[in-house]
Chemist: 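Right, I'll just put the structure down here and ask away after.
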Amino acid sequence: MNPQAFIRLSIGSLGLRVPATTLNGAKSWRSALSFPCVCEIRLRGFPVQTALIPLVSSPETSPDTNNIASSFYLQESDLKALLAPGCLLKHHACLEIVVFTGRNGTHCGIGIKRQQIGTFKLEVSPEWGNGRPVILFNGWIHIGKNKWVNGNPGAELHLRVKLDPDPRYIFQFENKTKLSPQIDLLQGTIKQPIFSCKFSQDRVSPRDPLSNFWSSSFDGSELDIRNRERKGWNVKIHDLSGSAVAAAFITTPFVPSTGRDWVARSNPGAWLIVRSDVCMPESWHPWGKLEAWRERGIRDSICCRFHLLTEGQEWGDLLMSEILISAEKGGEFYIDTDRQVRAASSPLHSPRVSGAFAALSPAASGFVMSCRVQGEGKCSKPLVQLAMRHVTCVEDVAIFMALAAAVDLSIETCRPFRRKLRRSASHSW
């Protein structure tokens with residue numbers, strides 16, 4: 001398998017140093033600096049990112065170099081666009097970090113308006129595409145209009161800007177998951193078959209090794225009320241030899257909450273993601289748990305929450321991702337320890353700290369995977385990106401394909417139960 005080139009631009013080790021004499025010379029900063037300072041990190045063509053900047057009181061102290069505040073991931077086409085001069089610009093695009101004091105609002109009845117302290121700019125250059133690690137900047141730098149205030153240094157920003165090659169594999173399901181499609185590796189315009197997946201809506205057979213993971217509540221005598229619960233769905237990922245190497249199946253049924261016609265956060269459905277044992281054929285090991293439910297609003301969303309399961313620990317100990325996906329338009333599910341997941345209900349863990357991913361290196365961090373799916377009633381054909389550094393064998397890839405399949409199927413399992421379906425789709429429930 002040949003990966004596609006990506007680079008990771010990381011900004012970290014942030015800190016702000018403002019001498020006391022400067023504060024006395026700028027009284028309007030005094031109340032604002034009682035709150036954490038913030039910065040906006042801008043790169044043309046990408047969404048603006050924000051980060052807190054801690055104040056550094058001691059001149060000898062430098063912020064932690066391992067603390068990453070923001071990351072951008074660039075493909076070759078992104079870099080070409082950044083190196084091309086804009087319509088009204090003579091220079092290439094810049095990485096721009098704008099630092100503000102305080103925040104908008106009130107404090108003790110006194111209005112506080114955030115003020116801009118200064119800006120750091122770093123021009124994009126051709127060396128960004130050399131394909132090797134480069135530290136573009138590391139250390140303190142004066143920001144703002146006045147480098148000196150009353151004979152003393154003005155505000156200084158500490159940061160570390162680094163480029164790292166971060167190649168990825170890109171895969172795509174040839175059709176929606178329920179049609180048991182082939183999965184291809186994309187290499188430019190070339191598609192290389194890698195896996196096939198087999199979807200089933202029936203309960204796992206007692207003779208199937210996966211039946212060991214079913215809850216005791218799923219016995220043969222239980223009636224399946226088709227219009228009130230969705231269970232028994234499972235999908236297996238097969239390699240080119242036909243061997244099943246990963247799977248995802250529903251362990252907690254998707255059922256409407258009391259007094260509602262949708263799966264609510266209080267009672268989410270759940271998938272168990274398992275991987276095969278290379279040394280013991282027909283043996284499976286739990287790897288992850290994906291919970292999903294519907295968030296009602298002006299425009300409904302499907303929330304997908306992924307927990308990593310590790311040996312000797314209870315389910316749900318390691319929350320790795322919690323993402324809202326538009327029920328109508330679809331969206332992106334991802335695992336990325338550098339990105340701030342605003343929808344997360346509890347802190348996310350870094351695999352580097354937790355010793356986590358069974359399929360990955362213990363030193364894993366940053367971008368892990370992403371899966372783009374379509375909304376309800378659309379042919380999804382999930383598109384999956386996977387960081388190369390997390391892959392040691394084809395089985396490592398398969399487990400993420402099983403997770404992607406579970407995300408795609410969750411769009412359907414979380415549909416309202418009373419919604420009228422098209423005749424062509426009614427047999428699927």
Side-chain angles (χ1 to χ4, degrees), residues 3-16 37-54 62-86 89 91-100 118-141 143 157-170 321 332 334-342 348 350-352 360-361 363-370 372 385-391:
Q4 297 192 24
F6 278 76
I7 57 174
R8 176 194 182 199
L9 174 66
S10 59
I11 300 95
S13 190
L14 292 177
L16 184 65
C37 292
V38 297
C39 67
E40 292 183 354
I41 305 173
R42 305 169 182 171
L43 186 64
R44 191 175 71 195
F46 293 85
V48 175
Q49 301 184 28
T50 59
L52 294 176
I53 306 181
S62 294
D64 182 7
T65 57
N66 294 320
N67 184 13
I68 304 298
S70 174
S71 292
F72 296 91
Y73 296 95
L74 287 69
Q75 303 182 60
E76 183 178 354
S77 57
D78 297 324
L79 186 57
K80 287 182 179 179
L82 289 169
L83 290 173
L89 301 175
H91 304 287
H92 299 152
C94 290
L95 170 68
E96 188 175 17
I97 302 175
V98 186
V99 181
F100 298 92
T119 302
F120 170 86
K121 290 185 178 182
L122 180 66
E123 185 173 319
V124 177
S125 67
E127 72 169 325
W128 286 32
N130 289 342
R132 57 176 180 269
V134 178
I135 297 178
L136 301 174
F137 185 87
N138 185 30
W140 292 97
I141 186 170
I143 59 174
L157 175 68
H158 188 281
L159 75 161
R160 186 172 188 260
V161 183
K162 186 180 180 184
L163 282 175
D164 290 291
D166 194 23
R168 299 179 185 181
Y169 296 113
I170 301 180
S321 185
E332 182 187 33
Y334 57 85
I335 303 173
D336 186 344
T337 61
D338 286 348
R339 291 173 69 173
Q340 181 182 3
V341 185
R342 298 180 184 276
L348 303 185
S350 167
R352 182 180 56 193
L360 312 179
S361 163
S365 64
F367 175 83
V368 178
M369 67 89 71
S370 68
R372 183 162 291 281
Q385 295 187 9
L386 177 60
M388 187 187 75
R389 66 182 184 279
H390 298 319
V391 176

Chemist: Just wondering, more than 12 heavy atoms not from Gln75 lying within 6.0 Å of its CD?
Modeler: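 It does: Gln75 CD has more than 12 such atoms within range.
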Chemist: A side-chain contact here means heavy atoms from C-beta on lying under 4.5 Å apart; do Leu159 and Asn138 qualify?
Modeler: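 No, their side chains stay 4.5 Å or more apart.
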Chemist: Could you give the distance from CZ (Phe137) to CG (Leu95), rounded to the nearest 0.5 Å?
Modeler: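 The distance works out to 11.5 Å.
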Chemist: With heavy-atom distances below 4.5 Å as the criterion, would you say the side chains of Leu163 and Glu127 are in contact?
Modeler: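 Answer no - side chains too far apart.
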Chemist: Determine, for Tyr73 and Arg8, whether the Lys NZ or Arg CZ falls below 6.0 Å from the six-membered ring centre while staying within 45 degrees of the axis.
Modeler: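 Not flagged: Arg8 not positioned over aromatic ring of Tyr73.
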Chemist: Do Gln49 and Ser70 get their side chains close enough for a donor-acceptor pair, meaning under 3.5 Å?
Modeler: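 Per modelled atom types, Gln49 and Ser70 side chains form a pair under 3.5 Å.
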Chemist: Which atom pair, heavy atoms only, marks the closest approach of Ala93 to Arg44?
Modeler: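 Closest pair (atom of Ala93, atom of Arg44, distance): CB-CZ, 3.7 Å.
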Chemist: Could you tell me whether the side chain of Ser10 reaches within less than 4.5 Å of the side chain of Ile68, counting heavy atoms only?
Modeler: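 They are in side-chain contact.
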Chemist: Under 4.0 Å between a side-chain nitrogen and a carboxylate oxygen: does that hold for Arg132 and Asp164?
Modeler: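 Salt bridge flag = no for Asp164 with Arg132.
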Chemist: Would you mind reporting whether Leu386 and Val391 have side-chain heavy atoms less than 4.5 Å apart?
Modeler: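 The answer is yes, as the side chains (C-beta and beyond) meet within the 4.5 Å cut-off.
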Chemist: With rounding to the nearest 0.5 Å, note down the distance linking CG in Leu52 to SG in Cys39.
Modeler: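 That separation rounds to 8.5 Å.
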Chemist: Verify side chain to side chain contact (heavy atoms under 4.5 Å, CB included) between Leu136 and Lys162, making sure each step is shown before the conclusion.
Modeler: CA-CA 6 Å; Leu136 301 174; Lys162 186 180 180 184; over 6 Å; no
Chemist: How long is the span from the CD atom in Gln4 to the OH atom in Tyr169, to the nearest 0.5 Å?
Modeler: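 The distance works out to 11.5 Å.
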Chemist: Which heavy atom of Ala69 sits nearest a heavy atom of Leu14, and at what distance?
Modeler: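 Scanning both residues, the minimum pair turns out to be CB-CD1, 3.5 Å.
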Chemist: Whether the Arg168 and Gln385 side chains hold a donor-acceptor pair (N or O, under 3.5 Å, no angle test) is what I'd like checked.
Modeler: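 A donor-acceptor contact under 3.5 Å links the two side chains.
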Chemist: Measuring from atom CZ of Arg42 to atom OG1 of Thr119, what distance do you get when rounded to the nearest 0.5 angstrom?
Modeler: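 Reported to 0.5 Å precision, the distance equals 7.5 Å.
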Chemist: Any idea which heavy atoms bring Pro3 and Pro167 closest together, and the distance?
Modeler: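 Taking Pro3 first and Pro167 second, the nearest heavy atoms are CB-CB, 3.9 Å.
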Chemist: Which heavy atom in Phe100 sits nearest to a heavy atom in Cys37, and how many Å separate them?
Modeler: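 Smallest interatomic distance, heavy atoms only, reads O-CB, 3.4 Å.
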Chemist: Within a strict 4.5 Å, meaning less than it, do heavy atoms of the Val99 and Ile53 side chains meet?
Modeler: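 Touching, per the 4.5 Å side-chain cut-off.
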Chemist: Work out which heavy atom in Ile41 is nearest to a heavy atom in Ala51; give both atom names and the distance.
Modeler: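 Looking at all heavy atoms of both residues, the closest pair is CD1-CB, 4.4 Å.
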Chemist: Would Arg389 and Asp166 satisfy side chain to side chain contact (heavy atoms under 4.5 Å, CB included), going step by step from the backbone distance to the final call?
Modeler: CA-CA 8 Å; Arg389 66 182 184 279; Asp166 194 23; 2.3 Å; yes
Chemist: Of all heavy-atom pairs between Ser370 and Glu332, which one has the smallest distance, and what is that distance?
Modeler: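 Smallest interatomic distance, heavy atoms only, reads CB-OE2, 3.2 Å.
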Chemist: Quick one: do Val161 and Ile135 satisfy side chain to side chain contact (heavy atoms under 4.5 Å, CB included)? Show the steps, please.
Modeler: CA-CA 6 Å; Val161 183; Ile135 297 178; over 6 Å; no
Chemist: Give a yes or no on whether the backbone of Phe367 and the side-chain of His390 come within a donor-acceptor separation of less than 3.5 Å.
Modeler: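 Side chain of His390 to backbone of Phe367: a pair is present.
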Chemist: Can you check whether Trp128 reaches Asp78 side chain to side chain, under 4.5 Å on heavy atoms?
Modeler: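 Contact flag for Trp128/Asp78 side chains = no.
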Chemist: Does His158 reach the main-chain N or O of Ser13 with its side chain, forming a donor-acceptor pair under 3.5 Å?
Modeler: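 Yes, His158 side chain to Ser13 backbone: donor-acceptor pair under 3.5 Å.
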Chemist: Report yes if the side chains of Leu83 and Pro126 come closer than 4.5 Å at any heavy-atom pair, otherwise no.
Modeler: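 Yes. Closest side-chain heavy atoms under 4.5 Å.
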Chemist: Walk me through whether Tyr334 and Val368 qualify under side chain to side chain contact (heavy atoms under 4.5 Å, CB included).
Modeler: CA-CA 8 Å; Tyr334 57 85; Val368 178; over 6 Å; no
Chemist: So how far is it from Leu82 CG to Leu74 CG, rounded to the nearest 0.5 Å?
Modeler: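 If I round to the nearest 0.5 Å, the distance is 6.0 Å.
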Chemist: Nearest 0.5 angstrom please: Leu9 CG to Leu43 CG, how far?
Modeler: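 Interatomic distance, Leu9 CG to Leu43 CG, rounded to 0.5 Å: 6.5 Å.
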